[in-house]
Protein chains: 2
Amino acid sequence: MTTSIKDVARAAGVSPATVSRALGKGPVSEALRAQVLEAVRATGYRPNLAARRLRSQESGTIGLVLADIGNPFFTGVARAVEAAAYEAGLRVLLCNTDEDPAREAAYLALMQEERVAGLILAPTRITAEGLAEAPPAMPVVLIDRPGPPGLFDSVLLDNAGASAALVDHLVAQGYRRIAGLFGQTSGTGVERAEGYRAAMARHGLAPALRFVLPQAEAAETGFAALCQEGQPEAMIASNSLLLMGLLRAARGAGLRIPTDLALAGFDNEPWTGLVEPGVTVIEQPLEAIGRQAMALLFERLRTPAAPIRKVMLSGRAVLRGSTASVRARLHNSTKTPPPSSFTL
Amino acid sequence: MTTSIKDVARAAGVSPATVSRALGKGPVSEALRAQVLEAVRATGYRPNLAARRLRSQESGTIGLVLADIGNPFFTGVARAVEAAAYEAGLRVLLCNTDEDPAREAAYLALMQEERVAGLILAPTRITAEGLAEAPPAMPVVLIDRPGPPGLFDSVLLDNAGASAALVDHLVAQGYRRIAGLFGQTSGTGVERAEGYRAAMARHGLAPALRFVLPQAEAAETGFAALCQEGQPEAMIASNSLLLMGLLRAARGAGLRIPTDLALAGFDNEPWTGLVEPGVTVIEQPLEAIGRQAMALLFERLRTPAAPIRKVMLSGRAVLRGSTASVRARLHNSTKTPPPSSFTL
DNA sequence: TTGAAAGCGCTAACAG
DNA sequence: CTGTTAGCGCTTTCAA
């Protein structure tokens, strides 16, 4: 049997209510507070959160439902969310769906049962669609991935713009046959594909793209498929897992980067700068995404009827050797260009 | 106001107790169960977990307290733990301490307040020491990092053996001046350092080692320090963040791997195979560590008085170009040797 | 098999 | 400022 507030009250010679007040913010005389604190120490008392939540009808918790805890993008965002929540005196319930809509549904149900105050969610496409018909009971902020338009607050990257920036950069470097590989489980993959399509069209170039599962293995299959449809000079991947898969596949095929194939993608993970000749990527502002999501959630909790807000953040292009210019390729320069970056 | 079990009972024309039984495993007639399920659907009822836990005195939850959610080692273990917990019908409360003993203490307190059934913990050295005097109220399984001997179930890598294997391999490849960089916040760093020391002594070689914070930046400082004390031919890092820092620093210093400096470390992360010429590492069995930890926890919950168990798992050495033999270096071979591996 | 009643541990409302 | 009382939503006796 664990010690309860009654035990502490008895030990301190006060009522349970006084113990509660001494531990919380109620008005208590300094003398009694000291007695209570001493009794807490003596008994080793730890309040029972289940009881507290049941009585106060507040969970003091927000939910964070992510698609892939192995993806540094999401762990980075999770860090920021947790820091912001901590500063606000809230706990974070973190769940990992592994891109599985069934698990996603189970976790959304769990969040209701936990009575979390609000939810930050990176939904798969399937869940995102269902969100319109069966919205969760609590405020929701979508991150990274779009949902049904106008229904939920959201924090998104300017995905179309970012894809277009990559295409523009590749074209400026002299590439023409640019293929794209995009994740099929997320709305983000779709948006990035659209940006790619639009940019290719703007340059009068023919798009060549494929949607695959967002895994390195799937990327290797996609690589083969893209190669068959007309010898691309460059490839774009819509996330870092796919990017890694493309790099591996290119290596496996004996292609040299960027001499035989240029490469660009999303997320400035450490390895993209470590691998020779460095991989050009769009860096996403992880910290800002997490903070902004929390800010939107707080404001929604404060004023539930406020209009829906969609915040679009810009990425930063980090240019590296994997997209060195065609001229540099022709001169057979093996030197890595100095990395540079610009904000979209 | 959210709908409660009473609302469902009223809608179904039964008592709250019957609703509870219909949703749980109590004996209910099929007719009533159907009525209840229909009423649940109609009302959109979601049980309140706080109330359920308070009444049943079971949280149905285990705690997982990790040192660094950005470290793929921990996310890998977390995946396995979560999968095993899910199969057992338990939830996982995941917390990230960022190697901060203060946060660690706060989370341990939280776990008590949540009344989790048990705890899986990767403690910092400071917390590990304190564990002996103030043990948590629930069963604890330590992972990755040792605690006070004989007090807690634990799942550890054979750290000393793994370090020794790296030293042996380097010596066999012809290296003599082998330096080591170890994380200072974890007992694991200490054990790996001891294994390194012992192996160096066995080979009659002088050790040169430093303890630093387990961060890539700290590794770059440590690199400089190690270089000053006598031009190492090879370096070992006790985790992947340090390993990455060493690689960066070596590159920054214009050193070529392994021609000017051989490199080896822990954790077979994707980038270690992607970076030229490939980095030799000890791969840890993430899945097995997580599963084994859950198994120990379950058995402890079943038989609390059973003797303490310490499970040591072996790593797998993945040999890559970063530790190519001295002979190969002298012949100036730039070919990457075919990667190979062996179990310790 | 079902319902009524009690109570898990806590805090909020109300007296004093 | 402090104590008494009630009740959050649920499950679990105990009767029927």
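Because the structure is predicted, anything quoted here is derived from the model rather than measured. Order of the sequence lines fixes the chain letters, A, B, ..., with proteins taken first and strands second; residue numbering starts at 1 for each chain. Computed over heavy atoms, backbone and side chain alike; hydrogens, waters and symmetry mates excluded.
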Lys/Arg N to Asp/Glu carboxylate O, Arg33(B) vs Glu30(B), below 4.0 Å
yes
For the helix from dT1(C)-dA16(D) to dG16(C)-dC1(D), how many degrees between its two end axes (five pairs per end), to the nearest 10°?
40°
Does Gln284(A) reach the main-chain N or O of Leu157(A) with its side chain, forming a donor-acceptor pair under 3.5 Å?
no
Is Arg91(B) salt-bridged to Glu113(A), cutoff N-O under 4.0 Å?
no
Separation between CG of Leu37(B) and CG of Leu32(B), rounded to the nearest 0.5 Å:
11.5 Å
Report yes if some heavy atom in the side chain of Asn96(B) is under 4.5 Å from a heavy atom in the side chain of Phe74(B); otherwise report no.
no
Provide the closest heavy-atom pair for Asp153(B) versus Pro307(B) in the form atom of the first, atom of the second, distance.
OD1-O, 4.3 Å
Specify the residues of residues 4-20 of chain B, ordered by number, for which at least one heavy atom lies under 4.0 angstrom from an atom of DNA chain C.
Val14(B), Ser15(B), Ala17(B), Thr18(B)
Atom pair CZ/CG of Phe73(B) and Asp144(B) - distance to nearest 0.5 Å
4.0 Å
Donor-acceptor contact below 3.5 Å, side chain Ser59(A) vs main chain Arg115(A)
yes
Taking salt bridge (Lys or Arg N to Asp or Glu O under 4.0 Å) as the test, write out the residues that go with Glu38(B), two or more places apart.
Arg41(B)
Protein-nucleotides 14-16 of chain C N/O pairs under 3.5 Å:
none

Let's see if you get this right: which residues in residues 36-55 of chain B place a heavy atom under 4.0 Å from DNA chain C?
Leu54(B), Arg55(B)
Side-chain N,O (Ser29(A)) to OP1/OP2 (dT2(D)) below 4.0 Å
yes
Note, Ser20(B) side chain near Ile5(B) side chain (heavy atom, < 4.5 Å):
yes
Glu133(B): salt bridge (Lys or Arg N to Asp or Glu O under 4.0 Å) partners, not counting sequence neighbours
none
At less than 4.0 Å, is any side-chain N or O atom of Gln57(B) found next to OP1 or OP2 of dG7(C)? Yes or no.
no
